[in-house]
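Single-structure report; data block below.
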Amino acid sequence: QVQLVESGGGSVQAGGSLRLSCAASGYTLSKNCVAWFRQAPGKERERVASMRLGGMPFYVDSVKGRFTISQDNAKNTFYLQMNTLKPEDTAMYYCAAARTWYCPPEYDYWGQGTQVTVSS
């Protein structure tokens with residue numbers, strides 16, 4: 001059974017940093033696409049970042065240069081480092097994983113979500 005367990009959310013002032021973690025069990029990170037999504041109240045869920053085997057990471061334009069997706073295969077954990085946070089980054093953040101090496105439109109596994117709140 002695949003499980004993704006997130007941690008690292010919280011409240012921070014604008015300009016601050018947070019690192020989200022997503023620990024996977026029953027799933028091999030190194031072989032498949034993983035991603036981070038977020039959803040703010042009243043807005044649609046959006047893919048923030050994703051990475052796949054052998055490819056360049058994807059970032060939504062609003063986070064380019066501020067967020068970095070990475071993974072530690074030894075720990076079977078992937079991360080979202082978020083720097084220079086802005087109030088508009090406030091959302092529930094979800095990690096997600098696919099059963100494919102490429103990043104599909106729909107992901108197969110999801111974490112429980114972690115709240116990120118950025119105050120001005």
Side-chain angles (χ1 to χ4, degrees):
Q1 182 179 359
V2 176
Q3 277 194 314
L4 301 179
V5 179
E6 299 183 40
S7 60
S11 297
V12 66
Q13 288 193 326
S17 298
L18 286 172
R19 188 177 80 158
L20 306 183
S21 300
C22 183
S25 58
Y27 178 87
T28 304
L29 284 184
S30 61
K31 296 183 179 180
N32 300 294
C33 176
V34 295
W36 289 93
F37 287 77
R38 67 185 179 188
Q39 187 165 22
K43 294 189 177 181
E44 291 189 354
R45 185 177 64 192
E46 69 171 348
R47 181 172 51 136
V48 175
S50 60
M51 63 187 300
R52 65 174 180 85
L53 182 66
M56 292 293 291
F58 161 85
Y59 297 99
V60 70
D61 285 347
S62 59
V63 308
K64 284 180 180 177
R66 301 188 297 121
F67 290 13
T68 303
I69 187 171
S70 64
Q71 63 186 56
D72 184 335
N73 293 333
K75 296 182 178 179
N76 219 34
T77 300
F78 61 105
Y79 307 93
L80 185 67
Q81 177 67 43
M82 305 184 294
N83 297 329
T84 319
L85 282 160
K86 303 176 180 180
E88 50 264 43
D89 295 318
T90 295
M92 185 71 79
Y93 283 71
Y94 299 90
C95 62
R99 287 183 288 193
T100 53
W101 62 267
Y102 58 89
C103 296
E106 299 293 332
Y107 285 71
D108 301 287
Y109 310 109
W110 292 85
Q112 79 281 9
T114 186
Q115 179 67 39
V116 171
T117 302
V118 184
S119 58
S120 57

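As the structure is a prediction and not an experimental result, all values here were calculated from the model.
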Please find the pair of heavy atoms, one from Leu4 and one from Ala24, that lie closest to each other, and give the distance.
CD2-CB, 3.6 Å
So, the side chain of Asn32 versus the backbone of Leu29: is there a donor-acceptor pair under 3.5 Å, distance only?
no
Partner of Phe37 under side-chain contact (heavy atoms from CB on, under 4.5 Å), chosen from Arg45, Glu46, Met92:
Arg45
Do Asp72 and Thr77 have side-chain N/O donor and acceptor atoms under 3.5 Å apart?
no
For the atom pair NZ (Lys31) and CG (Asn73), what is the distance rounded to the nearest 0.5 Å?
11.0 Å
Using a 3.5 Å distance criterion without hydrogens, assess whether the side chain of Tyr59 forms a donor-acceptor pair with backbone atoms of Ile69.
yes
Answer yes when Asp89 and Lys86 have at least one side-chain N-carboxylate O distance shorter than 4.0 Å, and no when they do not.
no
Between OG on residue Ser62 and CD on residue Glu88, distance to nearest 0.5 Å:
8.5 Å
With a 4.5 Å cut-off on side-chain heavy-atom distances among I, L, V, M, F, W and Y, is there a chain of contacts connecting Leu20 to Val34?
yes
Judged by atom type as modelled, is there a donor-acceptor pair below 3.5 Å linking the side chain of Asp108 to the main-chain atoms of Arg99?
yes
Which value, rounded to the nearest 0.5 Å, describes the distance between Met51 atom CE and Thr68 atom OG1?
10.5 Å
State whether Tyr93 and Arg38 meet the cation-pi test: NZ (Lys) or CZ (Arg) under 6.0 Å from the six-membered ring centroid, and within 45° of the perpendicular axis.
no
Please check: side-chain N/O of Thr114 versus main-chain N/O of Gly9, any donor-acceptor pairing under 3.5 Å?
yes
Tyr94 and Val60: same hydrophobic cluster, using ILVMFWY side-chain contacts below 4.5 Å?
no
Any sub-3.5 Å donor-acceptor pair from Glu6's side-chain atoms to Cys22's backbone N or O?
no
Which atom pair, heavy atoms only, marks the closest approach of Ala40 to Ala91?
N-CB, 3.8 Å
Test your reading of the model: is there a side-chain donor-acceptor pair from Arg66 to the backbone of Thr84, 3.5 Å cut-off?
yes
Ser17 and Asn83: which non-hydrogen atoms are nearest, and at how many Å?
OG-OD1, 3.0 Å
Between Met82 and Val48, is a side chain to side chain contact (heavy atoms under 4.5 Å, CB included) present by the stated rule, with each step listed?
CA-CA 11 Å; Met82 305 184 294; Val48 175; over 6 Å; no
Val63 and Val12: same hydrophobic cluster, using ILVMFWY side-chain contacts below 4.5 Å?
yes
Begin from the C-alpha positions of Tyr107 and Cys33 and carry the test side chain to side chain contact (heavy atoms under 4.5 Å, CB included) through to its verdict.
CA-CA 9 Å; Tyr107 285 71; Cys33 176; 3.5 Å; yes
Taking all non-hydrogen atoms of both residues, which atom of Arg52 and which atom of Tyr102 are closest, and how far apart?
CD-CA, 4.0 Å
Interatomic spacing from OG in Ser120 to CG in Leu85 - rounded to 0.5 Å:
13.0 Å
Are the ring centres of Tyr79 and Trp36 closer than 6.0 Å?
no
What's the spacing between Cys95 SG and Gln112 CD if we round to 0.5 Å?
7.0 Å
Do the side chain of Thr28 and the main chain of Ser30 share a donor and acceptor less than 3.5 angstrom apart?
no
Side-chain donor/acceptor of Asn76 to backbone N/O of Ser25, under 3.5 Å:
no
